[in-house]
Amino acid sequence: MNAPDLNRALVLEQANRVADGAGGFSVVWVALGTLWAEVKSGTGRETAGEEISTSTVQHRITVRGAAVGAISRPKPAQRFCEGARIFTILAVTEADPRGQFLTCFVREEVPA
C-alpha cells in the first residue's frame, strides 16, 4: 500500500445532547481535534424532496491509525468538518494490515 497524501486538515466532531429546559434536548457538535486526511470523492446522486433538493456524495477519507477507544479514532455517527463542508461518518475500517491508517466511509450532503 502506498502511503496516503494527508494534505487536508479536518476537524473531528461528536454530537452531544444538551437539555433544553423544556423536557427535551438539542444537539451540540463538539470538536474533538484536527486530523490530517486524504479525501477521495466517490459517486454522487441528487434527491428531490418536497421543499428542497439535496446532492449526496460518498467519499473515502483516510487518516492516521489510532487505537480502539482513543478520542482521535473516528467512529460512526461522528463527523468531519472542513469549513462549511460536513462529512458524516458512516463506517470506519483499517486501511492496511498493520492499522497505520484508517479509512472512513462518509457522506456529504449539499443543498442543490
Side-chain angles (χ1 to χ4, degrees):
M1 171 184 168
N2 294 333
D5 185 14
L6 306 178
N7 61 358
R8 292 169 71 172
L10 304 179
V11 177
L12 179 62
E13 295 184 337
Q14 177 173 306
N16 283 348
R17 293 169 56 156
V18 178
D20 65 5
F25 67 91
S26 59
V27 175
V28 176
W29 288 92
V30 177
L32 301 176
T34 300
L35 301 177
W36 285 95
E38 175 182 71
V39 179
K40 290 190 176 178
S41 297
T43 60
R45 66 186 177 111
E46 185 174 353
T47 305
E50 289 183 27
E51 296 181 23
I52 190 169
S53 295
T54 59
S55 295
T56 303
V57 180
Q58 304 288 329
H59 300 277
R60 287 186 182 195
I61 295 179
T62 303
V63 297
R64 291 196 188 284
V68 174
I71 196 166
S72 61
R73 185 182 176 103
K75 50 187 174 181
Q78 292 179 335
R79 70 185 191 180
F80 290 112
C81 291
E82 182 182 41
R85 296 179 74 182
I86 296 174
F87 305 94
T88 303
I89 301 172
L90 306 173
V92 179
T93 187
E94 282 79 16
D96 60 287
R98 292 177 36 198
Q100 290 180 304
F101 298 98
L102 300 172
T103 299
C104 303
F105 298 89
V106 304
R107 178 183 63 235
E108 178 184 22
E109 291 183 0
V110 179

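Sequence positions, counted from 1, serve as the residue numbers for this chain.
Other residues, nucleotides and ligands contribute at most 12 non-hydrogen atoms within 6.0 Å of the CZ atom of Arg64.
The salt bridge (charged side-chain N to carboxylate O under 4.0 Å, His left out) pairs that include a residue from residues 9-32 are Glu13-Arg79, where partners are two or more places apart or lie in different chains. Pairs passing the side-chain hydrogen bond (donor to acceptor under 3.5 Å, both in side chains) check and including a residue from residues 24-41, sequence neighbours excluded, read Ser41-His59.
Considering all non-hydrogen atoms of both residues, Ala91 and Pro76 come closest at CA-CG, 4.1 Å. Between Ala15 and Val27, the shortest heavy-atom distance links the atoms CB-CG1, 3.7 Å. Closest non-hydrogen pair, Val63 versus Ala37, comes out as CG1-CB, 3.8 Å.
To the nearest 0.5 Å, atom NZ of residue Lys75 and atom CG of residue Leu12 are 9.5 Å apart. Separation of atoms CG (Asn2) and CG (Asp96) is listed at 11.5 Å; rounding is to 0.5 Å.
By the rule that hydrophobic residues join a cluster once side-chain heavy atoms approach within less than 4.5 Å of another member, Ile61 and Val57 end up as members of separate clusters. Phe101 and Leu35 fall into different hydrophobic clusters, where Ile, Leu, Val, Met, Phe, Trp and Tyr side chains are chained together by heavy-atom contacts under 4.5 Å.
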Scan the side chains in residues 3-11 for donor-acceptor partners under 3.5 Å anywhere in the protein, sequence neighbours excluded, and list what turns up.
| from | atom 1 | to | atom 2 | distance (Å) |
| --- | --- | --- | --- | --- |
| Asp5 | OD2 | Asn7 | ND2 | 3.3 |
| Arg8 | NE | Glu82 | OE2 | 3.1 |
| Arg8 | NH2 | Glu82 | OE1 | 2.6 |

Which atom pairs, one a donor and one an acceptor, fall under 3.5 Å between side chains of residues 83-90 and the rest of the protein, sequence neighbours left out?
| from | atom 1 | to | atom 2 | distance (Å) |
| --- | --- | --- | --- | --- |
| Arg85 | NE | Glu108 | OE2 | 2.8 |
| Arg85 | NH2 | Glu108 | OE1 | 2.9 |
| Arg85 | NH2 | Glu108 | OE2 | 3.4 |

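Counting only distance, with no hydrogens or angles, the side chain of Arg73 and the backbone of Ala66 share a donor-acceptor pair below 3.5 Å.
Side-chain contacts under 4.5 Å among hydrophobic residues (ILVMFWY), followed directly or transitively, place Val18 together with Val28.
For the side-chain hydrogen bond (donor to acceptor under 3.5 Å, both in side chains) test, residues two or more places apart in sequence or in another chain that qualify with Arg107 are Glu109.
Within the 4.5 Å cutoff, side-chain heavy atoms of Leu102 are placed close to those of Glu94.
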